[in-house]
Amino acid sequence: MKMRIDIISAVPQLLESPLQNSIPARAVEKGLAEVCIHNLHDYGLGKYKQVDDYQFGGGAGMVLMPEPLAACIETLKAERDYDEIIYLTPDGSTLDQSTCNTLSLCKNLMLICGHYKGIDQRIRDLYVTCEISIGDYVLSGGEIAAIVLTDSLLRLIPGVLGNEESALTDTFQDGLLAPPLYTRPAEFKGIPVPEILLSGDHKKIEEWRMEKAIEKTQSLRPDLWNDSVDEK
Ligand code: 6GU
C-alpha cells in the first residue's frame, strides 16, 4: 500500500529541498510513498491570486482566507478519500512518536500549513479532522512542522529504512532514549569504546544497551521514565 501525503502551502518553496533528499526522497523513489505539494496561490483570488487578508476585529498579522483553501481542499477531496485532514498549528496537540506510529498506517493524508497568523477558523470547523503542533514554541508557518511530520511518517513505512529493524530501535519507540553509539576508531582522543561492544557477545551487548538506555532516560527525561513505569 502506497502512502500519499498532500501538502497545501502558500510558501511551497519551503517544502521542496527537505522532502527531495535523504530518507523522504528514498521513500518516494522506492515507490512506497507519494508527496504532492500544492501551491495555495494556484487557488488565489483575483488578478493577484490573493490568499491572505487582514483579520476581522483588528490586530497584527495576516490570515489565510477561506476561499482559496476550500477550493484546494475540495479539489483534492474530489479525487480521493482522506484518512485525516491535518492542520499544523501551535495550538494543536503535541506530536509524539505514538501519534506518528498511528498516522504512518494511513493511506491518504492532507496537511494544511498556515502562514502568517494562521487560517480562517471556518476552514478548521468545516474540513480539518486533526490539529497538530510540533512543540511549545512558535514558528513562522506550518511548513517546517509539515516537514517534521512527513519525515517522521515516511521513515516508518516498511522498506523505507535500509535495515527494517532500525525504526524499532529508535529513541521513543520503547519509551526510552537511545543508548550511546560508537563507530571506528576503537580509541579516539584517549577515549576507548566500551569494551563490551567489542566482545562479540550479542546478548551481553543488548543488556548493556538496555541498561544505558534506562540510565539515560532516568537522568535526562524523568518524565518519559515515569510514564513508562505507569504503563507497566
Ligand atoms: Cl505546527 N506551526 C507553527 N506556526 N508554529 C509551531 C507549530 C506549528 N508547532 C510548534 N510551533
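Both ligands and their constituent atoms are indexed starting at 1 by order of listing.
Looking at Tyr127 and Glu74, their side chains do bring a donor and an acceptor atom within 3.5 Å of each other. A donor atom on one side chain and an acceptor atom on the other are not found under 3.5 Å apart for Thr89 and Glu131. For the residue pair Ser98/Asn101, the side-chain donor-acceptor check at 3.5 Å is not satisfied.
For ligand 1, the atoms closer than 4.0 angstrom to any heavy atom of Leu88 are 1 (Cl). Near Ala145, the atoms of ligand 1 lying under 4.0 angstrom from a non-hydrogen atom of the residue are 1 (Cl), 8 (C).
For the side chain to side chain contact (heavy atoms under 4.5 Å, CB included) with Thr150, the qualifying choice from Val148, Leu153, Leu154 is Leu154, the only one to do so.
Here the straight-line distance linking atom OH of Tyr43 with atom CD of Glu67 works out to 15.0 Å at 0.5 Å rounding. Leu177 contributes atom CG, which lies 12.0 Å from atom CG of Asp170 (distance to the nearest 0.5 angstrom).
Residue Ser140 has no nitrogen or oxygen atom sitting less than 3.5 Å from a nitrogen or oxygen atom of ligand 1, judged on distance alone. For ligand 1, the polar-atom distance check finds no N/O of Val138 at less than 3.5 Å from any of the ligand's N/O atoms. Backbone and side-chain nitrogen or oxygen atoms of Leu139 are examined, and one is located within less than 3.5 angstrom of a nitrogen or oxygen of ligand 1.
Of the protein's non-hydrogen atoms, the one nearest atom 9 (N) of ligand 1 is Ile134 N, 2.9 Å. Summary of contacts: the protein heavy atom closest to atom 11 (N) of ligand 1 is Tyr137 O, 2.5 Å. What sits closest to atom 1 (Cl) of ligand 1 on the protein, heavy atoms only, is Thr89 N, 3.1 Å.
Counting heavy atoms under 4.0 Å from ligand 1, residue Ile132 touches it through the backbone alone. At a heavy-atom distance under 4.0 Å, atoms from both the backbone and the side chain of Ser133 approach ligand 1.
The main-chain N or O of Ile134 is found under 3.5 Å from a side-chain atom of Tyr137 such that the two form a donor-acceptor pair. For the pair Arg209 (side chain) and Pro179 (backbone), a donor-acceptor distance under 3.5 Å is absent.
Across Gly135, Gly141, Pro90, Gly142, heavy-atom proximity to atom 10 (C) of ligand 1 is greatest for Gly135.
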